[in-house]
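For reference, the structure discussed in these notes is given below.
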Number of protein chains: 2
Amino acid sequence: MTAPGGTGEHGDTRGRDAGQGPARAVPPSTVARLPGYLRALHALAAEGAVLTSSDELAARSGVTSAQLRKDLSFLGSYGRRGVGYDVAHLSERVEVVLGLTTQRRVVIVGIGNLGHALANYSGFADRGFAVVGLVDADPDVVGTTVAGLTVQPFAELAGLVSGTGATIGVIATPAAGAQVVCDALVDAGVVGILTFAPRALRVPAHVDVRAVDVASELQILAFHDRRRTGTWEV
Amino acid sequence: MTAPGGTGEHGDTRGRDAGQGPARAVPPSTVARLPGYLRALHALAAEGAVLTSSDELAARSGVTSAQLRKDLSFLGSYGRRGVGYDVAHLSERVEVVLGLTTQRRVVIVGIGNLGHALANYSGFADRGFAVVGLVDADPDVVGTTVAGLTVQPFAELAGLVSGTGATIGVIATPAAGAQVVCDALVDAGVVGILTFAPRALRVPAHVDVRAVDVASELQILAFHDRRRTGTWEV
DNA sequence: TAGATTGTTAATCGATTAACAATC
DNA sequence: TAGATTGTTAATCGATTAACAATC
């Protein structure tokens, strides 16, 4: 983690040339916070800020400045002691690390209420993603136009993924169909899956899954709620 | 994302009847997995299973059996060595710990595409929550009926929360309005907030916040995607 | 220079894993 | 009993925090 003999290399703007292999391992907990830093950086840029400090950026991201500096240290040395961070430069470095310099293509499977909302969500395009395909199993939904795209039948999934070069699949189907959809996405070649279906998915090791379950989130809130509102029932 | 320093209280109200386990503080990482165990338990019950094992339940939840047993040990000793766990009994214990024996009331603020989808989501009612109010700032939306509820203006938020006894607020507004909505929810008395707005929220220590940012989730997937699809740009 | 702020170190804290004694 | 499986312990691993030397 630490470059031994680090005093030898001068910082410069290019604190780390990423020529060979993974620059350094970025811990998962750090990776998970990078999008939040990027959001804060974009907000600062929009306000016209050129420089920021770990204190300011941390406050806007909802973390401590110690944690922010620690996280950024895994990416390299892009700040200047006594001065702070250049907003534009740091944004760019974070985007490079997250792999956002190329727009990733996304297909959404399950065009119900949630799939509809996701297909129309402008935040995807703003943050590096293009929704390039929509798929649903319901014949009544297939053929309709949502967010400018024609919904395709499930049988077209593989062709859609390979034809568009999509690397990420979003599952917005009911729980019952989620594993079948997941398997089809994996077979079609996606390497990342974001699922909203309340069910654990099995995937091969080379595929990354992130799961969002809104009811689970509420249940976690309920755990604390219980302690605060004095609702104890045993 | 929990509020920094947020859930630091260890009230450790030992509100548990003796049973067979010492009441201990349940670690946050364990609490976050309990909804997944509960989902798996309900699925087993629906299939008619009466008993289960840590191996089976763990496989269905997507964790290791060691982790499952460790997690459950914080709740008490509800299994039987050499036998396994009674599905119904364990479900009930998990529900008690999560505070799901009373139905929690939820208000949703921001009735756009996402708010619509959430209001209509049957998974809430199935898993312990009742959506009791909808609020929007847009006069064109106020007064419309969504999921059987009439959308109220923002000015009615406080009255709605106190009138219904809601303890949880869901924020489905654009990022720009999220902090104002959050402050209003807190003032109105909610103790838990689930936000979908891509912005860090500031809340007092007694309020718990969980944040879901779908674009951030995709960005985290992109980090791994980059390594797998060979898209290196540095 | 004097003041400010990073990047890194070391200490602490928490979570996961592996193994097995207890016990059904 | 013999086999199965939990609940717990101890070891490992990873993440967070605090402090400060480096340096702009």
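Chain naming here is simple, since letters A, B, ... match the order of the sequence lines and numbering starts at 1 in each.
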From [atom1] ([X]) to [atom2] ([Y]), nearest 0.5 Å:
| X | Y | atom1 | atom2 | answer |
| --- | --- | --- | --- | --- |
| A/Asp225 | A/Ile220 | CG | CD1 | 13.5 Å |
| B/Leu44 | B/Glu56 | CG | CD | 5.0 Å |
| B/Lys70 | B/Ser65 | NZ | OG | 14.0 Å |
| B/Phe129 | B/Tyr121 | CZ | OH | 11.5 Å |
| B/Ile193 | B/Ile171 | CD1 | CD1 | 5.0 Å |

Provide, to the nearest angstrom, the distance between the [atom1] atom belonging to [X] and the [atom2] atom belonging to [N].
| X | N | atom1 | atom2 | value |
| --- | --- | --- | --- | --- |
| B/Leu57 | D/dG7 | CG | P | 12 Å |
| A/Arg93 | C/dT6 | CZ | C1' | 18 Å |
| B/Phe74 | D/dT6 | CZ | C1' | 15 Å |
| B/Lys70 | D/dA11 | NZ | P | 13 Å |
| A/Asp86 | C/dT6 | CG | C1' | 15 Å |
| A/Leu68 | D/dA18 | CG | C1' | 16 Å |
| B/Leu72 | D/dT8 | CG | P | 11 Å |

(message) Counting runs of three or more consecutive pairs, Watson-Crick or G-U wobble, with each distance below 3.5 Å, where are the stems of DNA chain D?
(response) C:3-24 with D:3-24

(request) Run through B/Thr30, B/Val31, B/Val94 and flag the one making a side chain to side chain contact (heavy atoms under 4.5 Å, CB included) with B/Asp71. (result) B/Thr30

(message) Any donor-acceptor pair under 3.5 Å linking the side-chain atoms of A/Arg127 with those of B/Ser216?
(response) yes

(message) Could you check whether B/His42 and B/Glu95, counting side-chain N and O atoms only, form a donor-acceptor pair closer than 3.5 Å?
(response) yes

(message) Check B/Asp183 with B/Arg202, please: is the shortest side-chain N to carboxylate O separation under 4.0 Å?
(response)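 So B/Arg202 does not pair with B/Asp183 through a salt bridge.
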
(request) With a 4.0 Å heavy-atom cut-off, tell me which residues in residues 199-212 of chain A come close to DNA chain C, sorted by residue number. (result)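 When residues 199-212 of chain A is checked for heavy atoms under 4.0 Å from DNA chain C, there are no hits whatsoever.
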
(request) Would you jot down, in residue-number order, the residues of residues 42-56 of chain A having a non-hydrogen atom under 4.0 Å from DNA chain C? (result)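 The stretch gives A/Ser53, A/Ser54 as the residues lying under 4.0 Å from the strand, ordered by number.
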
(message) Please classify the nucleic acid contact of B/Arg80 as base, sugar-phosphate, or nothing, using heavy-atom distances under 4.0 Å.
(response) sugar-phosphate

So, is [X] near the phosphate of [N], with a side-chain N or O under 4.0 Å from OP1 or OP2?
| X | N | answer |
| --- | --- | --- |
| A/Ser29 | D/dT16 | yes |
| B/Arg33 | C/dT16 | yes |
| A/Tyr85 | C/dG7 | yes |

(request) Check every atom of C/dA15, C/dT8, C/dC20 against the side chain of B/Pro28 and return the nucleotide holding the closest atom. (result)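 The nucleotide sitting nearest to the side chain is C/dA15.
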
(message) Given C/dG7, C/dT16, D/dT8, identify the nucleotide with an atom nearest to the side chain of B/Ser73.
(response) D/dT8

(message) I'd like to know if the side chain of B/Thr195 reaches the main chain of B/Ala197, judged simply by a donor and an acceptor atom lying under 3.5 Å from each other, with no hydrogens or angles considered.
(response) yes

(request) May I ask you to verify whether the side chain of B/Arg81 and the base of D/dT6 hold a donor-acceptor pair under 3.5 Å? (result) yes

(request) Please assess A/Arg104 against A/Thr167 for the test side-chain hydrogen bond (donor to acceptor under 3.5 Å, both in side chains), listing each intermediate value before the final yes or no. (result) CA-CA 7 Å; A/Arg104 310 279 156 178; A/Thr167 53; 5.0 Å; no

(message) Both B/Thr30 and A/Arg69 contact DNA chain C. Which one's nearest nucleotide lies toward the 5' end?
(response) A/Arg69

(request) For A/Asp71 and for B/Gly84, locate the closest nucleotide of DNA chain D by heavy-atom distance; then report the residue assigned to the nucleotide nearer the 5' terminus. (result) B/Gly84

(request) Give the minimum heavy-atom separation between A/Tyr37 and A/Ser61, together with the two atoms involved. (result) CD2-OG, 3.5 Å

